Amino acid sequence: MKLRIPQRLAALTPYQPGKPIEEVEREMGLADTVKLASNENPLGPSPKALEAARKALLSAHRYPDGSGYYLRHALSAKLGVPPRRIVLGNGSTELVELIARTFLGEDGEAVISEGAFVMYGIAVQAPVGEARFVPQAPGYRHDAAAMAAAVGSKTRLMFFANPNNPTGTYIRDHEMAHVLQRVPQEVLVIVDEAYHEYVSVPDYPVNIPRLERHPNLILLRTFSKVHGLAGLRIGYALVGSDEIAETLERVRSPFNTSSIAQAAAIAALNDDEHILRSSSTNLTEMKFLEKGLASMGVSFVSSVANFVLVLLGPRAEEISRAMLGQGVIVRAMRFFGFPEAVRITVGTRSENERCLSALARSLRQAGGPGESGRGAAEVDEVDEKQA
Ligand SMILES: Cc1ncc(COP(=O)(O)O)c(C=O)c1O
C-alpha cells in the first residue's frame with residue numbers, strides 16, 4: 001500500500017516520552033528503579049483525588065459530562081475566571097494541539113522560543129503551520145522581547161512556557177507585560193503554566209487578572225504536575241475572550257476528558273494540603289539536588305520548576321545510559337535540543353540520593369564531567385538566583 005503522506009509529516013519526529021518504569025525494568029532486567037524522567041509528582045496523587053476517582057469508577061459505563069460542567073465551575077470558583085472561558089483538555093498538550101489546529105488557518109505561523117517545550121513545534125507543524133523559532137536569551141531563557149519583535153503578518157500564535165521545560169527558567173512579569181502590550185490582538189498569546197504551583201520567585205507573572213485586559217491571552221494549566229494526576233490526562237485553558245472559547249469548543253472532541261479525570265480533578269483542585277506539601281517538598285529537595293550536583297562539579301541551569309537541566313557535556317547520553325543501568329531513569333535531552341544535557345526530575349529524598357550516587361558513579365566511569373559540564377557553577381547569567 002502506498003499512502004500519500006504529506007511531506008511535512010514525513011519530516012516530523014514523534015514526541016519521545018520518558019520510558020515507563022515497567023518498560024525499563026523489563027528491558028534491563030532491573031527491579032526497584034527510580035523514575036525521575038517525566039516531571040511527575042514523586043508524592044503521588046492527591047489522596048482526595050484518588051477517593052473521588054474510585055467513586056467515579058462506579059459510573060464508568062456512562063459517558064462523561066462532555067461539557068465538564070462541575071469541573072469548570074470548581075475552577076471558576078477557585079480562580080475567578082467565568083466558566084464559559086474555561087476549556088478542558090485531555091492534558092494540556094491536547095489543548096496545545098487544539099489551539100494550533102483551530103487557529104493557525106491555511107498559512108499561519110507560530111512564534112516559539114528555541115529550547116521551548118517540544119510539543120509546541122510538533123503541534124504547529126503537524127497540521128499546516130509554520131514554526132518561527134526565536135533564539136534563546138543568555139541563561140537558557142526565552143527572549144520575550146525578541147519573540148514579540150518576531151511577530152509578522154502571518155503570525156497567529158505565540159507559545160511561551162513559563163516556567164519552560166526543560167530549562168526550568170521563567171519569564172519575568174515585566175517581560176510578559178511587554179509582550180502583551182506590543183503584540184497585536186489578532187495574535188493569540190499562549191502561556192503554558194504547567195508548573196506554576198512550584199514557582200516561588202516574586203517577579204513571576206500573575207497572569208489571570210490579565211485575561212480581563214487582553215482578550216488574546218490564553219493560559220494553559222494541568223493536573224499532571226503538582227496535583228499528581230498525569231496518568232488521568234486532564235488540563236485546562238483559561239481564555240481571554242468568549243470568542244476563543246466558543247471556537248475551541250467547536251473543534252474539541254466531545255468526550256475528550258473522562259468522568260474519572262473530571263471527578264479526580266475537582267477533588268485535587270481543593271486539596272490545598274497536598275498542593276502545599278508537594279510544592280514545599282519540591283523546594284527542599286531541589287536545594288538538596290542542586291547542592292549534590294554542585295559538590296560533584298557539575299553545571300546545571302537554575303530552575304524554578306520541579307526538574308533541573310544538568311549540563312554534562314558530550315557524554316551526556318552515555319552518562320544517562322549508565323545511570324539507567326543503575327536503575328535511575330533520567331532524560332537525555334537531545335530530542336529537546338540539548339544534546340549535552342540530561343533533565344532530572346526532583347524526587348523524594350531517597351530517590352534524589354540514589355540519583356546523585358548513580359550520577360557520581362556514572363561520571364567516574366565516564367572520566368568526569370565533559371567540556372560544557374565542567375565547573376561547579378549553576379548557570380544563571382542573567383540575574384539573581386531563581387528559586
Ligand atoms: C511545559 C509543559 N506543558 C505541558 C506539559 C504536558 O502536560 P499534560 O500532561 O497536561 O499534557 C508538560 C509536560 O511535561 C510540560 O512540560
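Since the model is a prediction, treat every value here as computed from it, not as a measurement.
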Heavy atoms only: give me the nearest [X]-[Y] pair and the separation to one decimal.
{"X": "S320", "Y": "A332", "result": "OG-CB, 3.7 Å"}
{"X": "L311", "Y": "A341", "result": "CD2-CB, 4.1 Å"}
{"X": "P83", "Y": "S76", "result": "CD-OG, 3.3 Å"}
{"X": "L324", "Y": "L30", "result": "O-CD1, 3.3 Å"}
{"X": "P135", "Y": "E114", "result": "CA-OE1, 3.5 Å"}

Just by modelled atom types, is the [Y] backbone N or O under 3.5 Å from a matching donor or acceptor in the [X] side chain?
{"X": "R343", "Y": "A37", "value": "yes"}
{"X": "T169", "Y": "Y140", "value": "yes"}
{"X": "N90", "Y": "N256", "value": "yes"}
{"X": "R141", "Y": "P138", "value": "no"}
{"X": "R172", "Y": "Y204", "value": "no"}
{"X": "S46", "Y": "A49", "value": "yes"}
{"X": "N352", "Y": "G347", "value": "yes"}

Just wondering, more than 12 heavy atoms not from [X] lying within 6.0 Å of its [atom1]?
{"X": "Y70", "atom1": "OH", "value": "no"}
{"X": "K78", "atom1": "NZ", "value": "yes"}
{"X": "E243", "atom1": "CD", "value": "no"}
{"X": "E27", "atom1": "CD", "value": "yes"}
{"X": "F335", "atom1": "CZ", "value": "yes"}

Presence of salt bridge, [Y] and [X], under 4.0 angstrom:
{"X": "E290", "Y": "K287", "value": "no"}
{"X": "D173", "Y": "R210", "value": "yes"}
{"X": "E130", "Y": "K154", "value": "no"}
{"X": "R252", "Y": "E249", "value": "yes"}
{"X": "R277", "Y": "D271", "value": "no"}

Separation of [Y] [atom2] from [X] [atom1] (nearest 0.5 Å):
{"X": "F160", "Y": "L219", "atom1": "CZ", "atom2": "CG", "value": "12.0 Å"}
{"X": "N164", "Y": "I171", "atom1": "CG", "atom2": "CD1", "value": "8.0 Å"}
{"X": "N41", "Y": "L229", "atom1": "CG", "atom2": "CG", "value": "9.0 Å"}
{"X": "T281", "Y": "L276", "atom1": "OG1", "atom2": "CG", "value": "9.0 Å"}
{"X": "K225", "Y": "E40", "atom1": "NZ", "atom2": "CD", "value": "7.0 Å"}
{"X": "M323", "Y": "S357", "atom1": "CE", "atom2": "OG", "value": "8.5 Å"}

Between Y195 and F307, ring centroids under 6.0 Å =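 Ring centres of F307 and Y195 closer than 6.0 Å.
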
If you draw the axis of the six-membered ring of Y236, does the NZ or CZ of R72 fall within 45° of it and under 6.0 Å from the ring centre?
-> no

Under a plain distance cut-off of 3.5 Å, with no hydrogens placed, do [Y] and [X] share a side-chain donor-acceptor pair?
{"X": "S279", "Y": "E197", "value": "no"}
{"X": "S362", "Y": "Q326", "value": "yes"}
{"X": "R331", "Y": "N39", "value": "no"}

Residue pair D65, Q262: steps toward the side-chain hydrogen bond (donor to acceptor under 3.5 Å, both in side chains) verdict | CA-CA 9 Å; D65 166 9; Q262 288 178 29; 5.9 Å; no

Pair E51-K48, salt bridge (Lys or Arg N to Asp or Glu O under 4.0 Å): steps then yes or no = CA-CA 5 Å; E51 188 50 39; K48 290 184 179 158; over 6 Å; no

Beyond-backbone contact of L157 with L104, side-chain heavy atoms, under 4.5 angstrom |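 The answer is yes; the side chains approach within 4.5 Å.
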
Is the F223 ring parallel, tilted or perpendicular to the H227 ring (thresholds 30°, 60°)?
-> tilted

